[in-house]
Amino acid sequence: MKNRRVVLTLGTAGAALVLVTSCSGGNGGTAGTPSSAPPSTTTTTLPYAGAPKVEHPLPASVLAGDPCQYALTSDQLHQIFGITPQGKRNDTSGLGPACDWVDSDTGAAASVNYVTDTHQGLSGVYANTKPQVRLWQVLPAIQGYPAVGHSSSDDKDFCQVSVGIRDDLTVDVSLGLSSAKVGTADPCTTAARVADFVVTNLRQRAGA
């Protein structure tokens with residue numbers, strides 16, 4: 001299935017965004033780069049490959065349940081879309097649970113992936129994704145949790161943000177800018193704003 005490129009607005013500033021999602025061969029979830037494939041050995045101590053240690057890990061239980069229910073609140077979805085669409089599960093084989101949100105009127109869509117199946121966290125991203133991508137950007141920590149933006153695309157309108165919430169767990173958000181915003185906005189910075197919503201909700205689930 002081809003990537004869906006759709007316009008949506010985020011927050012009161014009304015910055016025009018495009019969220020990119022895709023699925024292929026029945027595997028759903030976020031588009032873009034291979035996120036966290038497991039390394040050749042399962043005995044490597046985390047973190048490795050230059051990945052930062054998560055100093056204040058959240059309990060793994062925060063990623064339990066349906067991401068369509070827990071990843072983004074109704075208010076946050078309204079800030080992103082201007083409406084509150086229903087989420088649809090679109091799990092990614094080999095990575096973990098994922099959810100898509102679509103505005104059927106505008107075609108706007110968003111996707112969040114809980115990367116629970118690799119058990120490698122950001123180390124898997126550093127070891128397997130970093131060598132393959134054209135864009136690699138270490139981002140400011142999101143509420144104290146290390147994050148990286150990356151993209152295998154030559155385009156300047158796409159970024160996938162991976163946030164380490166534990167040494168062995170990440171959450172991914174994929175984002176592409178509308179053509180009107182290319183060159184005037186950083187897609188990784190904008191994707192990090194959406195990821196910040198998700199981290200807020202995970203911390204609340206943990207009572208942090």
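Side chains are part of it too, since the values below use all heavy atoms of this structure and drop only hydrogens, waters and symmetry mates.
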Checklist entry - Taking the side chain as C-beta and beyond, is there a heavy-atom pair between Val199 and Val163 under 4.5 Å? => result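 Yes, their side chains come closer than 4.5 Å.
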Item to check | Sub-4.5 Å side-chain heavy-atom contact between Leu169 and Val115 | outcome: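 Counting from C-beta outward, Leu169 and Val115 never come under 4.5 Å.
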Roughly how far apart are [X] [atom1] and [Y] [atom2], rounded to 0.5 Å?
X	Y	atom1	atom2	answer
Asn201	Gln69	CG	CD	11.5 Å
Lys53	Arg166	NZ	CZ	9.5 Å
Ile142	Ile165	CD1	CD1	12.0 Å
Arg203	His56	CZ	NE2	9.5 Å
Gln204	Tyr70	CD	OH	13.0 Å
Leu139	Thr189	CG	OG1	6.5 Å

[X] and [Y]: side-chain donor and acceptor closer than 3.5 Å?
X	Y	answer
Gln79	Asp75	yes
Tyr48	Gln120	yes
Ser151	Gln160	no

Under 3.5 Å, is there a donor-acceptor pair between the side chain of [X] and the main chain of [Y]?
X	Y	result
Asn90	Cys99	no
Thr73	Gln76	yes
Asn113	Pro97	yes
Arg205	Ala64	yes
Asn128	Gly124	yes
Asp91	Ala98	yes
Ser123	Leu46	no

Specify the closest pair of heavy atoms between [X] and [Y], including all atoms of both residues, with the distance to one decimal.
X	Y	answer
Gly94	Asp117	O-CB, 3.6 Å
Thr170	Leu63	O-CD1, 4.4 Å
Ala206	Val62	CB-CG1, 3.6 Å
Gly149	Cys159	CA-SG, 3.6 Å
Cys188	Val161	O-CG2, 3.7 Å
Leu122	Ser162	CD2-O, 3.8 Å

Next on the checklist: Can you tell me how the ring of Tyr126 sits relative to the ring of Trp136, calling it parallel under 30°, perpendicular over 60° and tilted otherwise?
Outcome noted: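 Aromatic pair Tyr126/Trp136 classed perpendicular.
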Checklist entry - If you group Ile, Leu, Val, Met, Phe, Trp and Tyr by side-chain heavy-atom gaps below 4.5 Å, do Tyr114 and Leu58 land in one group? => result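 Same hydrophobic cluster.
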